[in-house]
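Remarks on the structure that follows.
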Amino acid sequence: MSDESRPHRTAAVIPAAGRGVRLGPGAPKALRTLGGTPMLIHAVRAMARSRAVSLVVVVAPPDGNAVAEVRRLLDEHALPERTEILVVPGGETRQESVRAGLDALPADITAVLIHDAARPLVPVDTVDSVVEAVRDGALAVVPALPLADTVKEVEPGPPGEPEPVVATPVRARLRAVQTPQGFDLATLRLAHEKVAVDGEGATDDAGMVEQLGVTVVAVPGHEEAFKVTRPLDLVLAEAVLARRRATDAY
Ligand code: CTP
Ligand code: MG
């Protein structure tokens, strides 16, 4: 809650331990380059650009020497000096990776942003508006955008077979949710302790907090905060980066 006497120190945790299966064969997704720079470095810079963020925890792939490789990449690239950076190994699921990042946070952190390495181009204004909503007292904040497509709920069947449509939610009430998601740290820690998620684990941190019965609020997201998931997303990311470099000496 926004208790003025309490010092607010905000950290960002960047889960970057995924393989990037949907992107096709190659290096782990976070280590692939955009405009010649690893996606992970773009994501760290996007967090460090916010003056509110004084610590970034990068969650690296758990295998081999990925932690050392990530450390080396961070040392090679220019990053703001006021930002402290830690690297920890991740887990088999995104939820486990986020948990590993939370476990690495020092005791003076009160608020945390969880940001996908796979969203390298999120603008600093989006990051700042999430931080601001948390500082104003929200326990959980998601950046979100209205949908372009109508969404249907179906009864899932075998791939490629026609599937019966069971519902059409009113589009104006739907939002596509992005990261960074912002949290009161104690609330997110509680969710990780109390909420059991089967199978592949939670892919949405705010969803775990919702299950505690805590109100999650949405603030405006940004189209450039899209997630690099499939090969076509790389084409779009390169185009966004090229436009930025041409227009704002990025
Ligand atoms: N992630 C993670 N640990 C995992 C799985 C995912 O830290 N065990 C991270 C990814 O590195 C990514 C973010 O969670 O930054 C969002 O996940 P997603 O886009 O699904 O990335 P991947 O899991 O790498 O991709 P895919 O599902 O296509 O394999
Ligand atoms: Mg995944």
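Whatever order the structure lists them in is the order used to number ligands and atoms, beginning at 1.
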Thr126 (side chain) donor-acceptor with Val122 (main chain) under 3.5 angstrom: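 No; judged by distance alone, with no hydrogens or angles, the pair does not exist.
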Flag, side chain of Glu238 to backbone of Gly35, donor-acceptor distance under 3.5 Å: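 Flag set: sc Glu238 to bb Gly35 pair under 3.5 Å.
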Leu23 with Leu236, same ILVMFWY side-chain cluster at under 4.5 Å: yes
Single-linkage hydrophobic cluster, 4.5 Å side-chain cutoff, Val134 and Val219 together: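 In one cluster with Val134: Val219, yes.
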Pair listing, side chain to side chain donor-acceptor pair (under 3.5 Å) test, anchored in residues 52-62, at least two apart: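 Those involving residues 52-62 are Arg9-Ser54.
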Passing candidate, side chain to side chain donor-acceptor pair (under 3.5 Å) with Asp116, options Gln181, Lys29, Arg94: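 The single option meeting the side chain to side chain donor-acceptor pair (under 3.5 Å) with Asp116 is Arg94.
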Atom-level proximity to ligand 1, residues with heavy atom under 4.0 Å: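 The 4.0 Å shell around ligand 1 contains Pro15, Ala16, Ala17, Gly18, Arg19, Gly20, Val21, Arg22, Lys29, Gly91, Glu92, Thr93, Arg94, Ser97, Asp116, Ala117, Ala118, Lys227.
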